[in-house]
Structures are given as C-alpha cells and as structure tokens.
Amino acid sequence: MGLFKRNGAGSEVQGERKIAKTELEANDASRGGVYLFFLAVFAVGFLVPFLLTLAFASPLTVAASVAVGFLAATSVRIAPHWERVAILRLGKFNRIAGPGLYCCIPFVEYAAIHVDQRITTASFSAEAALTADLVPVDVDAILFWMVWDAEKACLEVENYPKAVLRSAQTAMRDVIGQLNLADISTRRKQIDRDLEEMLGKKCEQWGVTVISVEIRDIMIPQELQDALSKEAQAERERNARIILAEVEKDISEMFVEAAEVYDRNPRAMKLRAMNLAYEGAKDSKGVLLAPSSLADGFNVGKLDLGE
C-alpha cells in the first residue's frame with residue numbers, strides 16, 4: 001500500500017507514490033495510409049481536369065481543378081479495418097460505413113465520428129472513496145472495454161469514452177462503500193466481478209461492452225497504515241504466544257507420562273541418568289562431576305540383581 005498527499009499549493013509531495021490519473025490510453029495506430037489515400041485521390045481529381053484544360057490554362061481552370069480534386073478526396077474515403085464511420089445525411093443519421101472504401105455525397109453527407117472497435121484500455125481512479133466503516137481509500141484500476149454497436153455509441157451518448165470512465169468511477173465508489181476496509185484486500189476478485197457486472201448493465205445501452213475491470217492498487221492514509229501494522233504485529237505475537245503455550249502443554253504432558261514410567265520401573269530412571277551423563281560428557285573435553293548416587297547406576301551387577 002502507498003500514500004498520496006498534496007501540499008497547500010496542490011503539488012505532489014516528493015518521494016511518495018501517487019495514484020494514476022483517470023485517462024484513456026493513447027492510441028498508437030497510424031492513420032498515415034488514410035491521409036495518403038486522401039492525397040492520392042485529391043491529386044487524381046486535380047490532374048484530370050487540369051490536363052484536360054491545359055491548352056487554355058488560366059487561374060480559373062486551376063481553381064476549378066483544385067475544387068474537383070477536393071470534392072473527389074472528400075467523396076471517396078477509406079477506413080481502417082478496426083474502424084467504423086457514422087455518416088450523417090443532411091444532419092440525420094444515415095448509415096455506418098467501413099471498413100475499407102466508402103463514399104459520401106458532397107455537401108449532403110459527411111462523416112460525423114470515427115469509432116474504434118478494438119479493445120480499449122483506460123486507467124481510472126476513485127480518490128478518497130469511503131468504505132462502509134468510513135475509512136477514505138484511494139483506488140487505482142484499469143478498465144477493458146470495446147464498442148460492439150457503433151450506431152448506439154454515436155447516437156445514445158455524447159462522448160462515450162468519457163461516459164464509460166465516469167460510470168466506472170461512480171461504480172467503484174458504490175462498491176467500495178459497501179465493504180469494510182478489512183474486506184477490500186481479501187475480496188479484490190469479487191470487487192472486479194461486481195464492477196464488471198454493474199458497468200456492463202449500464203454501458204450495454206450505449207453499444208459498449210465492458211470486458212473486465214482490474215484493481216491495481218488500494219492506498220490508505222499513512223496514519224492508518226501505521227495502526228494496521230501495529231495491529232498485525234500484535235496479532236502475530238498473540239498467535240506465537242498461543243503456539244508456544246500449546247507446545248509447553250504438550251511437553252508437560254509427555255513429562256508426566258515419562259515420570260509415571262520411571263515411577264513404575266526404577267531401572268528406567270537409572271538408565272536415563274546414565275544416558276544423560278553420556279550425552280553430557282561425549283562432546284566435552286572437561287571432567288564430568290556427578291553425585292555418588294549417579295555413579296551407583298553404572299554398577300551393572302546391582303542392576304542384574306535388582307538392587
């Protein structure tokens with residue numbers, strides 16, 4: 001866990017980790033081919049009338065050639081394989097075009113919006129979200145989603161990427177507010193599933209499918225981190241003392257059983273004493289001092305006579 005603080009001026013405190021900002025990941029796909037096709041169509045549309053009127057070339061014919069090239073370039077277009085284009089005719093939705101080659105009627109139809117139908121990743125965060133036990137936590141997560149119906153995405157919501165992110169933030173706060181702090185860390189997978197279900201129901205009407213939600217980090221205030229650390233240490237020490245007491249209890253019971261055996265047979269006690277003397281002297285280079293009663297135990301003859 002980490003901590004994110006700001007000073008009075010709103011700048012970040014150096015040396016402390018911050019949560020990720022809510023933002024869409026940059027799209028690295030190149031549209032160079034689309035622009036080159038536009039230039040190629042413009043060039044063809046310009047050269048054909050210009051060459052036909054080359055014999056009586058004038059500024060007017062050059063302007064007319066430029067206009068023809070521009071109309072040709074805006075009428076014949078291409079869309080990448082992963083892209084769909086919403087075409088409006090006189091302000092009304094007409095069709096979804098793409099991928100590949102599509103045409104628009106000049107001054108009547110135009111491409112209103114380009115919809116990327118690949119899986120999109122977006123990082124979002126819920127800062128100072130209150131848990132059920134009123135503890136503020138900062139949650140950092142990643143959302144995986146895609147547009148499956150380009151028509152709904154264009155017509156049902158003004159800006160569907162922002163709408164998805166705002167819905168994710170709201171859903172995150174709702175889910176966090178139903179759990180205690182102790183349950184958040186142990187129920188991450190359940191939180192992911194709950195968020196995915198909540199967002200899926202809301203975004204489906206926009207033509208958007210939420211594939212998965214993954215929580216990356218949960219951060220709590222530093223003061224609470226110290227308290228939780230002390231609580232965890234106390235709990236570990238308590239468990240260690242309980243285990244030690246149980247071991248001592250087991251050892252004492254074994255000592256009682258051994259005492260009963262020695263009490264029933266004195267020879268066993270003498271043999272034990274001899275074994276202890278041997279264990280104490282075998283690795284020592286000094287002299288072992290033992291009472292005379294222990295020395296009597298080495299008299300084998302007495303042991304055989306039962307004395």
Side-chain angles (χ1 to χ4, degrees), residues 22-50 60-122 124 143-171 196-213:
T22 298
E23 59 184 6
L24 289 171
E25 300 296 336
N27 189 346
D28 297 330
S30 174
R31 296 183 60 85
V34 176
Y35 301 141
L36 288 176
F37 182 82
F38 178 89
L39 294 176
V41 174
F42 175 82
V44 172
F46 171 80
L47 290 175
V48 170
F50 179 77
L60 183 62
T61 58
V62 174
S65 300
V66 172
V68 172
F70 181 78
L71 289 177
T74 55
S75 299
V76 182
R77 302 183 180 180
I78 59 172
H81 184 77
W82 57 83
E83 194 172 88
R84 302 295 183 272
V85 184
I87 304 298
L88 299 185
R89 176 178 294 176
L90 297 178
K92 293 184 178 181
F93 177 80
N94 180 260
R95 68 187 184 278
I96 295 293
L101 189 69
Y102 67 94
C103 299
C104 293
I105 302 175
F107 307 110
V108 177
E109 297 179 344
Y110 64 95
I113 187 172
H114 297 260
V115 180
D116 194 328
Q117 289 197 309
R118 294 174 296 178
I119 296 177
T120 302
T121 62
F124 69 98
L143 177 65
F144 296 85
W145 58 279
M146 66 175 295
V147 178
W148 61 272
D149 192 329
E151 180 177 349
K152 286 185 176 181
C154 297
L155 300 180
E156 298 295 334
V157 63
E158 179 184 0
N159 190 326
Y160 63 89
K162 288 187 177 180
V164 171
L165 286 181
R166 299 297 180 265
S167 299
Q169 285 183 305
T170 304
E196 181 180 343
E197 182 178 356
M198 293 177 62
L199 288 174
K201 292 179 181 179
K202 181 179 293 187
C203 297
E204 185 177 0
Q205 59 186 340
W206 302 334
V208 175
T209 297
V210 176
I211 299 174
S212 67
V213 182

Colleague: Roughly how far apart are Glu204 CD and Thr209 OG1, rounded to 0.5 Å?
Modeller: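 So the CD of Glu204 and the OG1 of Thr209 are separated by 7.0 Å.
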Colleague: Side-chain contact test, heavy atoms from C-beta onward, threshold under 4.5 Å: evaluate it for Val108 versus Leu90 and give yes or no.
Modeller: yes
Colleague: Determine whether Phe37 and Val76 satisfy the following criterion, side-chain contact (heavy atoms from CB on, under 4.5 Å), listing intermediate values before the conclusion.
Modeller: CA-CA 9 Å; Phe37 182 82; Val76 182; 4.0 Å; yes
Colleague: How long is the span from the CD atom in Gln205 to the CG atom in Asp149, to the nearest 0.5 Å?
Modeller: 12.5 Å
Colleague: On a heavy-atom basis, which atom in Cys154 and which in Ile113 lie closest, and how many Å separate them?
Modeller: SG-CG2, 3.0 Å
Colleague: For residues Ala111 and Tyr102, report the shortest heavy-atom separation together with the two atoms involved.
Modeller: CB-OH, 4.3 Å
Colleague: Val147 and Tyr160: which non-hydrogen atoms are nearest, and at how many Å?
Modeller: CG2-CE1, 3.6 Å
Colleague: Sequence neighbours excluded, which residues qualify as ring-ring contact (aromatic ring centres under 6.0 Å, His included) partners of Phe38?
Modeller: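 ring-ring contact (aromatic ring centres under 6.0 Å, His included) check on Phe38 returns nothing, list empty.
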Colleague: So do the side chains of His114 and Val85 get within less than 4.5 Å of each other, counting heavy atoms only?
Modeller: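 Touching, per the 4.5 Å side-chain cut-off.
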Colleague: So do the side chains of Cys104 and Thr74 get within less than 4.5 Å of each other, counting heavy atoms only?
Modeller: no
Colleague: Roughly how far, to the nearest 0.5 Å, is the CG atom of Asn94 from the CG atom of Leu88?
Modeller: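 These two atoms lie 8.5 Å from each other.
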Colleague: Which salt bridge (charged side-chain N to carboxylate O under 4.0 Å, His left out) pairs, counting each pair once, include a residue from residues 98-112, with sequence neighbours left out?
Modeller: Arg89-Glu109, Arg95-Glu109
Colleague: Would you call Arg77 and Cys103 a side-chain contact if the rule is heavy atoms closer than 4.5 Å?
Modeller: no
Colleague: Within a strict 4.5 Å, meaning less than it, do heavy atoms of the Leu199 and Leu143 side chains meet?
Modeller: yes
Colleague: Would you name the heavy atoms of Trp148 and Val208 that are closest together and state the gap between them?
Modeller: NE1-N, 3.4 Å
Colleague: Measuring only between side-chain heavy atoms, which start at C-beta, is Phe124 closer than 4.5 Å to Val213?
Modeller: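 A side-chain contact exists here, since the closest heavy-atom pair is under 4.5 Å.
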Colleague: Within this structure, what is the CD-CE distance for the pair Gln117 and Met146, rounded to the nearest 0.5 Å?
Modeller: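 Between Gln117 CD and Met146 CE, I get 6.5 Å after rounding to 0.5 Å.
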Colleague: For a 4.5 angstrom cut-off between non-hydrogen side-chain atoms, does Pro161 reach Trp145?
Modeller: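 A side-chain contact exists here, since the closest heavy-atom pair is under 4.5 Å.
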Colleague: side-chain contact (heavy atoms from CB on, under 4.5 Å), that's the test. Do Phe107 and Leu71 meet it? Break it down for me.
Modeller: CA-CA 9 Å; Phe107 307 110; Leu71 289 177; 3.7 Å; yes
Colleague: Looking at Arg84 and Ala150, what are the two nearest heavy atoms and their distance?
Modeller: CB-CB, 4.0 Å
Colleague: At what distance, to the nearest 0.5 angstrom, does CZ of Phe70 lie from OG of Ser65?
Modeller: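 Going from the CZ atom of Phe70 to the OG atom of Ser65 covers 15.0 Å.
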Colleague: Who are the side chain to side chain contact (heavy atoms under 4.5 Å, CB included) partners of Leu39, not counting sequence neighbours?
Modeller: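 By the side chain to side chain contact (heavy atoms under 4.5 Å, CB included) rule, Leu39 matches no residue at all.
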Colleague: Show the nearest heavy-atom pair for residues Gly45 and Ala72, with the distance to one decimal.
Modeller: CA-CB, 4.4 Å
